[in-house]
> 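Here's a structure for you.
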Amino acid sequence: MPEGDSVYRAAAKVHRALNGRTLDRIELRVPRFAAVDLRGRTVVAARSRGKHLFVVVGPDAQGRDPVTLHIHLKMEGRIHIHKAGERWRFPAHTVRMLLRADDVEVVGTELGLLRALDPAEADRAVEHLGPDLLGRDWDPDASVAEVLRRIGERPSRTIGEALLDQRNLAGIGTVYRAELCFLRGLDPREPVESVPDLRAVVVLARRMLLANADRAVRVTTGDTRRGRELWVYGRDGKPCRRCGTEVETFRLGGLADPDEPSDSLDRIAYRCPSCQPARATLGPSPTEEKL
């Protein structure tokens, strides 16, 4: 699953490639929307909201309503941008979306979600999300307060699950969860109600995503050398960069929405046992599974 900064960068690239251009070829290779024809329409914008990507296409010559393409990359999705006519470097059968304007092609492969919606439907599709850590509407006071309110509604939940739940705050994936918990000295299994300074966690999350919004390679350590960019993510069994203790992993997660069985947050979590000590009052999580 991509992090919010990855989707933010993808949206920015699509915006630069297509904004103000008229589409002369479009293919939506999903059965429900395969007949959608947006040729002759102008791309108005491409933007992200958390992990969701939107391409806004204006009305046609007859004045028919604008259309918003709603995209979620999920696990395997990718956005490719290249000159029209160039040979694809990916299998054609993986293509789910093709947008061409003059000499530019934007291709989406293995997309987890692709829909053509009217603007109001597109807004409703993300109205459940918490404040977007990379959103232009982020307010250092009001947005943080709203995140704290949402997370605080389930105080016995683990901080690791709360950070992944896009209903609380939009943009964090397993990489940022691991790095945030490490930098704040938190065991991801610690209950929200026991986190000493939850506001500091939210503020740091915003800082980290902003710092990486325009970077091709994500860095949380301050060290851009290859292999040294992250503190604990991807370092199972390797020594902690700070203290040398072996980094451990376990599965941690539950349901973002208890009434929606398909909405799972079950993901791998990382922890340095020394830098992120478990509190004596912390019992084993019923959703934790040791690897």
> Any sub-3.5 Å donor-acceptor pair from Lys51's side-chain atoms to Ile172's backbone N or O?
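Pair found, side chain donor or acceptor close to backbone of Ile172.
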
> Grab the two heavy atoms, one from Ser6 and one from Pro2, that are nearest each other, plus how far apart they are.
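For Ser6 versus Pro2, the nearest heavy atoms are CB-CB, 4.3 Å.
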
> Tell me which pairs pass salt bridge (charged side-chain N to carboxylate O under 4.0 Å, His left out) where either residue lies in residues 125-149, with sequence neighbours left out.
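Applying salt bridge (charged side-chain N to carboxylate O under 4.0 Å, His left out) to every pair that reaches into residues 125-149, excluding sequence neighbours, yields Arg49-Asp137, Glu146-Arg149, Glu146-Arg150, Arg149-Glu153.
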
> From the options Glu190, Glu248, Glu246, select the one residue that forms a salt bridge (charged side-chain N to carboxylate O under 4.0 Å, His left out) with Arg271.
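So, applying the salt bridge (charged side-chain N to carboxylate O under 4.0 Å, His left out) to Arg271 and each of Glu190, Glu248, Glu246, only Glu248 qualifies.
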
> With no hydrogens and no angle check, is any side-chain donor or acceptor of Glu229 less than 3.5 Å from a backbone partner on Thr221?
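Checked: no pair found.
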
> Which heavy atom in Ala101 sits nearest to a heavy atom in Leu18, and how many Å separate them?
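The answer is CB-CD2, 3.9 Å.
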
> Tell me the closest heavy-atom pair linking Pro119 and Thr68, and the distance in Å.
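Looking at all heavy atoms of both residues, the closest pair is CA-OG1, 4.1 Å.
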
> Is it true that a side-chain atom of Asp236 and a backbone atom of Tyr270 form a donor plus acceptor pair closer than 3.5 Å?
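A pair under 3.5 Å: no.
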
> Check for me, please, whether Val106 and Phe54 land in the same ILVMFWY cluster - side-chain distances under 4.5 Å, paths through other members count.
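No, it is not one cluster - the side chains of Val106 and Phe54 are not joined through contacts under 4.5 Å.
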
> Go through it in stages, so that I can follow the logic: the residues are Val57 and Thr42, the test is side chain to side chain contact (heavy atoms under 4.5 Å, CB included), and I'd like the CA-CA distance, side-chain angles, deciding distance and then a yes or no.
CA-CA 6 Å; Val57 183; Thr42 300; over 6 Å; no

> Are the side chains of Thr224 and Val217 in contact, using a 4.5 Å heavy-atom criterion?
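Of all side-chain heavy-atom pairs linking Thr224 with Val217, none is under 4.5 Å.
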
> Only counting residues at least two apart or in another chain, list the ones meeting ring pair (Phe, Tyr, Trp, His ring centres under 6.0 Å) with Tyr8.
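If we apply the ring pair (Phe, Tyr, Trp, His ring centres under 6.0 Å) test to Tyr8, skipping adjacent residues, there are no hits.
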
> Can a donor-acceptor pair be found, under 3.5 Å and without considering hydrogens, that links the side chain of Asn168 to the backbone of Leu164?
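No; zero donor-acceptor contacts below 3.5 Å.
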
> I'd like to check Met97 versus Ile79 (side-chain heavy atoms, cut-off strictly below 4.5 Å). Are they in contact?
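Touching, per the 4.5 Å side-chain cut-off.
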
> Restricting to side chain to side chain contact (heavy atoms under 4.5 Å, CB included), what partner residues turn up for Ser274, sequence neighbours left out?
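By the side chain to side chain contact (heavy atoms under 4.5 Å, CB included) rule, Ser274 matches Cys243, Thr245, Cys272.
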
> So how far is it from Leu180 CG to Leu163 CG, rounded to the nearest 0.5 Å?
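Between Leu180 CG and Leu163 CG, I get 6.0 Å after rounding to 0.5 Å.
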
> Under the rule for side chain to side chain contact (heavy atoms under 4.5 Å, CB included), what residues qualify as partners of Pro91, not counting sequence neighbours?
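Partners of Pro91 under the side chain to side chain contact (heavy atoms under 4.5 Å, CB included) test: His93, Thr94.
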
> With distance as the sole test, does Arg177 use its side chain to make a donor-acceptor pair with the main-chain N or O of Ile268 at under 3.5 Å?
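A pair under 3.5 Å: yes.
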
> Give, for atom CE of Met208 and atom CG of Leu133, the distance between the pair rounded to the nearest 0.5 Å.
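Going from CE on Met208 over to CG on Leu133, the span is 10.5 Å.
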
> Enumerate the residue pairs fulfilling ring-ring contact (aromatic ring centres under 6.0 Å, His included) with a member in residues 191-227, sequence neighbours excluded, ordered by first and then second residue.
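As it turns out, there is no ring-ring contact (aromatic ring centres under 6.0 Å, His included) pair with a partner in residues 191-227 once direct neighbours are skipped.
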
> Mind running side chain to side chain contact (heavy atoms under 4.5 Å, CB included) on Val195 and Arg184 for me, showing each step along the way?
CA-CA 10 Å; Val195 175; Arg184 292 301 304 169; over 6 Å; no

> The criterion is side chain to side chain contact (heavy atoms under 4.5 Å, CB included); which residues satisfy it with Ala12, sequence neighbours excluded?
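Residues passing side chain to side chain contact (heavy atoms under 4.5 Å, CB included) with Ala12: Arg16.
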
> Which atom names give the shortest non-hydrogen contact between Cys275 and Cys240, and what distance separates them?
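So the minimum-distance heavy-atom pair works out to SG-SG, 3.8 Å.
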
> Quick check on the hydrophobic clustering: are Leu23 and Val104 connected, directly or via other members, by side-chain heavy-atom contacts under 4.5 Å?
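Yes; tracing contacts between hydrophobic side chains, which count when under 4.5 Å, links both residues.
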
> Search all heavy atoms of Pro239 against all heavy atoms of Val247 and return the closest pair with its distance.
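The answer is C-CG2, 4.4 Å.
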
> At their closest point, which heavy atom of Arg78 faces which heavy atom of Leu111, and how far apart are they?
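Looking at all heavy atoms of both residues, the shortest contact is O-CD2, 4.0 Å.
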
> Looking at Arg215, I'd like to know if its CZ atom is crowded, meaning that more than 12 non-hydrogen atoms belonging to other residues, nucleotides or ligands lie closer than 6.0 Å.
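Yes, because the 6.0 Å sphere around CZ of Arg215 holds more than 12 heavy atoms from other groups.
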
> With rounding to the nearest 0.5 Å, note down the distance linking OG1 in Thr220 to CG in Leu183.
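It comes to 6.0 Å.
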
> Taking atom CD1 of Ile81 and atom CD of Glu86, what is their separation to the nearest 0.5 Å?
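One finds 12.0 Å between CD1 of Ile81 and CD of Glu86.
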
> Quick test of your reading: applying ring-ring contact (aromatic ring centres under 6.0 Å, His included), list the pairs with at least one residue in residues 98-142, sequence neighbours left out, ordered by first then second residue.
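Residue pairs passing ring-ring contact (aromatic ring centres under 6.0 Å, His included), neighbours aside: none found.
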
> I need the full list of salt bridge (charged side-chain N to carboxylate O under 4.0 Å, His left out) pairs touching residues 31-42, with sequence neighbours left out, sorted by first then second residue.
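Qualifying pairs: Asp37-Arg39, Arg41-Asp60.
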
> Do Val219 and Val175 belong together in a cluster built from hydrophobic side chains that touch within less than 4.5 Å?
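In one cluster with Val219: Val175, no.
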
> Just how far is it from atom CD of Glu3 to atom CZ of Arg218, taken to the nearest 0.5 Å?
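So the CD of Glu3 and the CZ of Arg218 are separated by 5.0 Å.
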
> Rounded to the nearest 0.5 Å, what separates atom OG1 in Thr22 from atom CG in Leu38?
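That separation rounds to 12.0 Å.
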
> Salt bridge check: are Glu27 and Arg25 linked by an N-O gap of less than 4.0 Å?
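Salt bridge between Glu27 and Arg25, a charged N being under 4.0 Å from a carboxylate O: yes.
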
> Can any side-chain N or O of Arg241 pair as donor or acceptor with the backbone N or O of Leu230 at less than 3.5 Å?
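Side chain of Arg241 to backbone of Leu230, a donor-acceptor pair under 3.5 Å: yes, one is there.
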
> Apart from Leu117 itself, what residues make up its hydrophobic cluster, given side-chain heavy atom links below 4.5 Å?
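Under the 4.5 Å side-chain rule, Leu117 groups with nothing.
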
> I need the full list of ring-ring contact (aromatic ring centres under 6.0 Å, His included) pairs touching residues 11-45, with sequence neighbours left out, sorted by first then second residue.
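ring-ring contact (aromatic ring centres under 6.0 Å, His included) check on residues 11-45 returns no pairs.
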
> For a side chain to side chain contact (heavy atoms under 4.5 Å, CB included) with Leu69, tell me which candidate from Val14, Val55, Val43 qualifies.
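Looking at Val14, Val55, Val43, the match for Leu69 under the side chain to side chain contact (heavy atoms under 4.5 Å, CB included) is Val55.
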
> Are Val202 and Val192 connected in the hydrophobic side-chain network, where two residues link if heavy atoms are under 4.5 Å apart?
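Linked, Val202 and Val192 end up in one cluster.
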
> Side chain to side chain contact (heavy atoms under 4.5 Å, CB included) for Thr158 and Asp187? Distances and angles first, verdict last.
CA-CA 9 Å; Thr158 69; Asp187 186 318; over 6 Å; no

> What residue pairs, at least two apart or across chains, pass ring-ring contact (aromatic ring centres under 6.0 Å, His included) with a residue in residues 161-205?
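For residues 161-205: Phe182-Trp231.
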
> Kindly confirm or rule out a cation-pi arrangement of Arg189 over Phe250, judged by NZ or CZ under 6.0 Å from the six-membered ring centre and within 45° of its axis?
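Arg189 over Phe250 ring: yes.
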
> Tell me which pairs pass side-chain hydrogen bond (donor to acceptor under 3.5 Å, both in side chains) where either residue lies in residues 96-119, with sequence neighbours left out.
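Listed once each, the pairs are Arg21-Asp103, Asp24-Arg100, His70-Arg115, His80-Thr109, His82-Glu105, Trp88-Glu105.
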
> Mind checking whether Ile71 and Val56 sit in one hydrophobic cluster, side chains of I, L, V, M, F, W, Y counted as touching below 4.5 Å?
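Different hydrophobic clusters.
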
